[in-house]
Amino acid sequence: MIADVYIETSIKWNQVKDGVVGIAISTVDPENAKSFFGKVNSCSESAAVLYGFKNALKYLDQADEICLNLSCFPVADAFMNNWPAMWQINEFKNKKGVEIKNREIWEDVTALLKQRKVTVKYKEFNGYRNWLIAECSRRAQKYES
């Protein structure tokens with residue numbers, strides 16, 4: 001089964017702050033699409049997206065292929081270049097021997113993937129993406145007030 005996972009956050013770039021992460025999961029049965037949101041504290045956009053993906057993977061036991069739709073370049077780039085597999089081999093250190101950022105979350109995500117194929121769609125237009133961006137922003141403003 002193929003699952004489409006859409007993840008967006010109210011946190012942008014490397015700002016470390018509180019925010020909201022939105023996730024939508026769609027499988028072959030659109031009637032069973034799920035969406036959920038969560039508040040994250042003191043993290044960057046990459047960390048927020050990884051937390052979202054980690055939580056989404058808990059709902060995807062039946063999926064052997066995952067299409068990850070997101071607008072966070074560092075996470076998209078990592079998957080497009082198969083870095084998580086290489087990091088796992090190198091004990092989550094980069095080629096210079098330095099521990100990667102967000103190591104613990106990357107360890108959790110790679111363990112939950114269990115050799116499943118991940119394809120990435122970076123910043124592609126779709127209704128889920130636009131809705132998640134708007135909803136994350138709205139919910140983040142609500143938390144701030």
Side-chain angles (χ1 to χ4, degrees), residues 1-137 139-140 143:
M1 173 179 72
I2 299 173
D4 289 305
V5 178
Y6 304 84
I7 304 173
E8 294 295 338
T9 180
S10 62
I11 301 169
K12 296 301 171 206
W13 297 97
N14 283 327
Q15 300 173 2
V16 174
K17 64 180 203 172
D18 299 347
V20 174
V21 177
I23 301 130
I25 300 171
S26 176
T27 57
V28 287
D29 182 8
E31 298 273 326
N32 289 328
K34 296 176 176 66
S35 63
F36 45 100
F37 295 85
K39 187 170 188 259
V40 290
N41 297 312
S42 299
C43 64
S44 66
E45 177 186 28
S46 295
V49 167
L50 287 169
Y51 281 124
F53 192 35
K54 177 181 167 181
N55 286 321
L57 286 169
K58 295 175 184 176
Y59 293 92
L60 298 171
D61 288 340
Q62 304 296 319
D64 51 358
E65 186 174 335
I66 297 167
C67 182
L68 182 58
N69 297 267
L70 54 116
S71 60
C72 176
F73 180 75
V75 175
D77 192 41
F79 279 110
M80 289 188 286
N81 289 296
N82 201 32
W83 292 345
M86 290 185 284
W87 290 332
Q88 194 171 26
I89 293 167
N90 295 327
E91 297 177 355
F92 293 90
K93 294 179 182 169
N94 65 20
K95 62 184 175 183
K96 295 179 182 178
V98 178
E99 186 174 294
I100 63 166
K101 288 183 181 177
N102 304 310
R103 176 188 175 147
E104 290 179 13
I105 312 167
W106 277 111
E107 285 178 329
D108 294 344
V109 166
T110 54
L112 288 167
L113 282 172
K114 302 174 189 166
Q115 304 298 323
R116 292 185 267 188
K117 181 180 177 185
V118 176
T119 57
V120 174
K121 291 185 179 175
Y122 174 66
K123 283 194 171 182
E124 285 192 13
F125 174 81
N126 62 63
Y128 282 119
R129 180 173 178 255
N130 294 339
W131 174 72
L132 285 170
I133 290 169
E135 192 62 18
C136 285
S137 177
R139 289 175 187 237
Y143 285 126

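Because only heavy atoms are used, hydrogens play no part in the values below, and waters and symmetry mates are left out as well, while side chains stay in.
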Quick one: closest heavy-atom pair of [X] and [Y], and the distance?
{"X": "Glu135", "Y": "Phe37", "value": "CG-CZ, 3.3 Å"}
{"X": "Val5", "Y": "Ala56", "value": "CG1-CB, 4.0 Å"}
{"X": "Lys123", "Y": "Ser71", "value": "CG-CB, 3.6 Å"}
{"X": "Cys136", "Y": "Gly22", "value": "SG-N, 3.2 Å"}

Any non-hydrogen side-chain atom of [X] less than 4.5 Å from a side-chain atom of [Y]?
{"X": "Lys39", "Y": "Arg139", "result": "no"}
{"X": "Asn102", "Y": "Ser46", "result": "yes"}
{"X": "Ile7", "Y": "Leu132", "result": "no"}
{"X": "Phe36", "Y": "Tyr59", "result": "yes"}
{"X": "Asp18", "Y": "Ser42", "result": "yes"}
{"X": "Arg116", "Y": "Leu60", "result": "yes"}
{"X": "Asp77", "Y": "Tyr122", "result": "no"}
{"X": "Leu57", "Y": "Ile66", "result": "yes"}

Quiz item: What residue among Thr9, Val109, Ile23, Ile105 forms side-chain contact (heavy atoms from CB on, under 4.5 Å) with Tyr51?
Solution: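 The side-chain contact (heavy atoms from CB on, under 4.5 Å) with Tyr51 is passed solely by Ile105 among Thr9, Val109, Ile23, Ile105.
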
What is the distance from atom [atom1] of [X] to atom [atom2] of [Y], rounded to the nearest 0.5 Å?
{"X": "Leu68", "Y": "Tyr6", "atom1": "CG", "atom2": "OH", "value": "10.5 Å"}
{"X": "Leu113", "Y": "Lys54", "atom1": "CG", "atom2": "NZ", "value": "12.5 Å"}
{"X": "Asn14", "Y": "Ser44", "atom1": "CG", "atom2": "OG", "value": "6.0 Å"}
{"X": "Lys12", "Y": "Ile133", "atom1": "NZ", "atom2": "CD1", "value": "5.5 Å"}
{"X": "Glu45", "Y": "Leu50", "atom1": "CD", "atom2": "CG", "value": "10.5 Å"}
{"X": "Cys67", "Y": "Lys117", "atom1": "SG", "atom2": "NZ", "value": "10.0 Å"}

Practice problem: Determine whether the side chains of Glu65 and Thr119 contain a donor N or O and an acceptor N or O closer than 3.5 Å. | Solution: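 Distance-only check fails for Glu65 and Thr119.
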
Quiz prompt | Check ion pair Arg129-Glu8 (N to O, under 4.0 angstrom) | solution =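 Looking at Glu8 together with Arg129, the answer is yes, because their closest N to O distance falls below 4.0 Å.
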
Quiz item: Do Arg103 and Phe92 meet the cation-pi criteria used here (NZ or CZ under 6.0 Å from the six-membered ring centre, within 45° of the axis)?
Solution: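 Ring-cation test returns no.
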
Quiz item: Got a sec: does the CD of Glu104 have more than 12 other heavy atoms crowding it under 6.0 Å?
Solution: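 Not buried by this count: 12 neighbours or fewer within 6.0 Å.
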
Self-check item: Main-chain N/O of Lys96 paired with Asn94 side-chain donor or acceptor, under 3.5 Å
Solution: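 Such a contact is found between Asn94 side chain and Lys96 backbone.
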
Quiz item: Can you check whether Phe79 and Trp87 have ring centres sitting under 6.0 Å from each other?
Solution: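 Ring-ring flag for Phe79/Trp87: false, centres at least 6.0 Å apart.
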
